[in-house]
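The figures here come from the full heavy-atom set of this structure, side chains too, leaving out hydrogens, waters and symmetry mates.
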Amino acid sequence: WGGGSWGGQAPSPWQTPSESPQTAPWPAPAPVPAPTPAPAPPPAPPPPPADSGWQPPWEVWKPSAPSSAPSKQKESRGICAVLPWMCPAPSPSPEPSPSPGPVAPPSPPPGTLFSPSSAPLMTFYMYRVQNDDNYPEYNHDMLNLAGGMWYLHNEVVWHPKGRSGTYFSKPVTRILKFKVQVKATQPLYDLGMNFGVLNAFDSGECTGPWKCENFQKFGYTVGCETWEPGAPSNFPHAQWNKLNHYKGAIWFSLPGPCPSKTYKTKDAQCNKQEPGGECPAGTKTPTGAYDCTYTLEQVGQITLNELEGIDSYDKFVAAGGREYDPKTDKGVHMNFWNGLQDEAACARRVAHAQALFKQKYPHQPDLPEPTCDFNRFKFFPDKKT
């Protein structure tokens with residue numbers, strides 16, 4: 001896959017979402033007894049504990065008519081821009097029916113949201129594709145290793161002018177590895193889930209699905225998504241089902257402070273009102289309360305040059321190389337990414353990345369990968385998913 005003066009390593013063997021009443025013309029009937037008054041509605045749930053730190057969003061949130069669109073974010077098309085026949089657009093959602101009246105404000109969250117949960121503690125690795133800059137990893141979407149390789153193949157390496165991506169201002173250069181501990185909130189775990197919906201983030205702002213109102217009901221839970229057609233976890237990017245041949249690929253979301261604003265517009269008041277799910281510094285394990293659902297620490301990285309077996313990307317391109325051309329389904333002077341739809345080749349790429357991490361960090365323990373148990377039908381029972 002490398003090879004040549006730009007690579008410095010031997011080639012790889014791999015091939016490859018009410019009318020006015022009217023006067024009656026006859027005598028009025030005898031009066032009817034008044035109906036029995038309806039029973040009083042049940043009392044409202046008790047407010048959150050005074051010491052919880054929770055700033056109730058339902059008191060400041062201004063409700064609007066429900067939207068049928070799951071996200072305001074401009075949908076990334078990735079490699080679909082080149083291969084549209086492989087990525088059929090999702091069926092359009094019907095227009096929402098007119099609202100019969102004022103939209104009711106959201107209900108206060110259940111009291112169990114503010115206490116430690118009985119959900120199990122999960123410890124595993126997550127990964128992130130990133131450039132050379134270092135910045136906080138909250139309010140981002142993360143990946144398992146198969147999901148990372150799929151992301152690189154779909155979003156990055158096919159660009160002819162560099163390792164760019166849909167939302168990257170700088171070329172990506174590496175895959176970061178994190179040790180993560182996750183514990184679901186009690187309302188989420190009561191539905192039989194350890195993961196919530198995958199929330200999309202753009203420059204640190206949560207952009208969907210739907211206005212990210214899941215935080216009000218379930219707290220700042222870690223989300224996940226798979227590409228198993230028809231699976232409850234196959235949401236909100238099912239339009240990529242036919243394109244993704246990295247079996248077991250999972251994407252995760254980590255909601256952090258002030259997810260309603262971008263990094264440049266976050267402020268102290270927003271951070272206090274919307275604390276996010278990352279536990280405070282020094283916390284050994286997550287509690288499962290609404291604001292302490294995960295901890296993470298960076299434990300390693302590999303570069304894309306190491307992954308592909310080249311010494312210099314610039315020299316590789318200068319010599320006429322290209323990592324992957326989707327129109328030919330192969331690279332130029334490199335075969336590492338050959339075979340976008342070849343499941344065996346995709347599995348070899350994932351195994352190779354795993355081996356590189358193991359070679360660089362031999363003393364790190366092997367941790368079991370969790371099952372993405374998000375269930376869109378239970379999580380969004382009143383929405384079309």
Side-chain angles (χ1 to χ4, degrees), residues 1-16 76 78-79 82 125-135 137 140-178 243-246 249-252 298-326 328-340 342 345-361 364:
W1 9 312
S5 59
W6 56 87
Q9 297 187 23
S12 165
W14 299 348
Q15 293 303 318
T16 6
S76 165
I79 209 169
V82 182
Y125 296 119
M126 284 186 189
Y127 301 83
R128 178 165 173 78
V129 176
Q130 193 164 301
N131 58 34
D132 286 331
D133 293 340
N134 294 312
Y135 44 81
E137 297 304 328
H140 279 312
D141 294 320
M142 309 281 273
L143 324 135
N144 69 352
L145 202 48
M149 301 301 288
W150 151 239
Y151 179 81
L152 284 167
H153 218 159
N154 179 59
E155 289 277 355
V156 177
V157 299
W158 62 271
H159 289 275
K161 296 182 179 180
R163 292 167 170 163
S164 58
T166 307
Y167 298 108
F168 287 123
S169 59
K170 297 181 180 180
V172 299
T173 57
R174 53 186 177 152
I175 303 175
L176 306 182
K177 183 179 182 180
F178 297 86
L243 189 62
N244 187 356
H245 290 268
Y246 286 87
I250 303 175
W251 287 3
F252 301 97
Q298 185 176 334
V299 295
Q301 70 172 30
I302 59 174
T303 67
L304 297 194
N305 287 351
E306 290 174 325
L307 180 69
E308 297 171 348
I310 61 176
D311 293 329
S312 168
Y313 178 75
D314 292 337
K315 291 180 180 179
F316 170 74
V317 173
R322 183 175 178 182
E323 292 166 303
Y324 178 73
D325 183 348
T328 61
D329 195 31
K330 57 186 179 182
V332 178
H333 304 321
M334 177 183 291
N335 66 7
F336 182 81
W337 298 101
N338 290 10
L340 176 66
D342 185 334
C346 291
R348 288 195 294 270
R349 284 185 277 269
V350 175
H352 177 64
Q354 289 173 329
L356 284 178
F357 274 111
K358 194 67 175 178
Q359 180 182 348
K360 291 186 71 172
Y361 309 100
Q364 288 181 356

- [ ] Specify whether Tyr246 and Trp150 have parallel, tilted or perpendicular ring planes, treating 30° as the upper limit for parallel and 60° as the lower limit for perpendicular.
- [x] tilted
Open item on the list: Please give me the minimum heavy-atom distance between Val299 and Tyr125, naming the atom from each residue.
Closed with: CG2-CE2, 4.2 Å
TODO: Could you pull out the closest heavy-atom pair between Ala345 and Asn338, with the gap in Å?
DONE: CB-O, 4.0 Å
Task: Contacts of type side-chain contact (heavy atoms from CB on, under 4.5 Å), residue Leu143, not counting sequence neighbours - done: Val129, Tyr151, Trp251
Task: For Thr173, all residues meeting side-chain contact (heavy atoms from CB on, under 4.5 Å), sequence neighbours excluded - done: Asp132
Open item on the list: Under 6.0 Å between ring centres: does that hold for His333 and Phe316?
Closed with: no
- [ ] Would you name the heavy atoms of Met334 and Glu323 that are closest together and state the gap between them?
- [x] SD-CA, 3.9 Å
Open item on the list: Looking at Tyr361 and Gln301, would you say the former's side chain and the latter's main chain have a donor-acceptor pair under 3.5 Å?
Closed with: yes
Task: Taking every non-hydrogen atom, the tightest pair across Leu307 and Ala353 - done: CD1-CB, 3.9 Å
Task: Atom pair CE (Met126) and CD1 (Ile250), whose distance is rounded to the nearest 0.5 Å - done: 9.5 Å
Task: Pairing residues for Arg174 by the salt bridge (charged side-chain N to carboxylate O under 4.0 Å, His left out) criterion, not counting sequence neighbours - done: none
- [ ] Check step by step if side-chain contact (heavy atoms from CB on, under 4.5 Å) holds for Leu304 and Val172.
- [x] CA-CA 8 Å; Leu304 297 194; Val172 299; 4.0 Å; yes
- [ ] Could you tell me the separation between the CZ atom of Phe178 and the CZ atom of Arg128, rounded to the nearest 0.5 Å?
- [x] 8.0 Å
TODO: Measure from the side-chain N and O atoms of Arg322 to the backbone N and O of Trp158, and report whether any donor-acceptor pair falls under 3.5 Å.
DONE: yes
Task: Residues in side-chain contact (heavy atoms from CB on, under 4.5 Å) contact with Asp133, at least two apart in sequence or another chain - done: Asn131, Tyr135, Lys170
Task: Test item: Asp342 and His245 side chains (from C-beta on) under 4.5 Å apart, heavy atoms - done: no
TODO: Could you check if a side-chain atom of Arg349 sits within less than 4.5 angstrom of a side-chain atom of Leu152, using non-hydrogen atoms only?
DONE: no
Task: Side-chain touch Met149/Trp337, heavy atoms, less than 4.5 angstrom - done: yes
Open item on the list: Using 0.5 Å steps for rounding, measure from the CD atom of Gln130 to the NE2 atom of His140.
Closed with: 6.5 Å
Open item on the list: For Leu340, is there any backbone N or O sitting under 3.5 Å from a side-chain donor or acceptor partner on Asp329?
Closed with: yes
TODO: To the nearest 0.5 Å, tell me how far Lys315 NZ sits from Asn305 CG.
DONE: 11.0 Å
Open item on the list: Show the nearest heavy-atom pair for residues Cys346 and Gly339, with the distance to one decimal.
Closed with: SG-O, 4.1 Å
TODO: Kindly write out the residues that satisfy ring-ring contact (aromatic ring centres under 6.0 Å, His included) with Tyr127, not counting sequence neighbours, or none if the list is empty.
DONE: Phe357
Task: Residues that Gln354 engages under side-chain hydrogen bond (donor to acceptor under 3.5 Å, both in side chains), provided they are two or more places apart - done: none
TODO: Check whether any side-chain N or O of Glu306 sits under 3.5 Å from a backbone N or O of Leu356 as a donor-acceptor pair, and report yes or no.
DONE: no
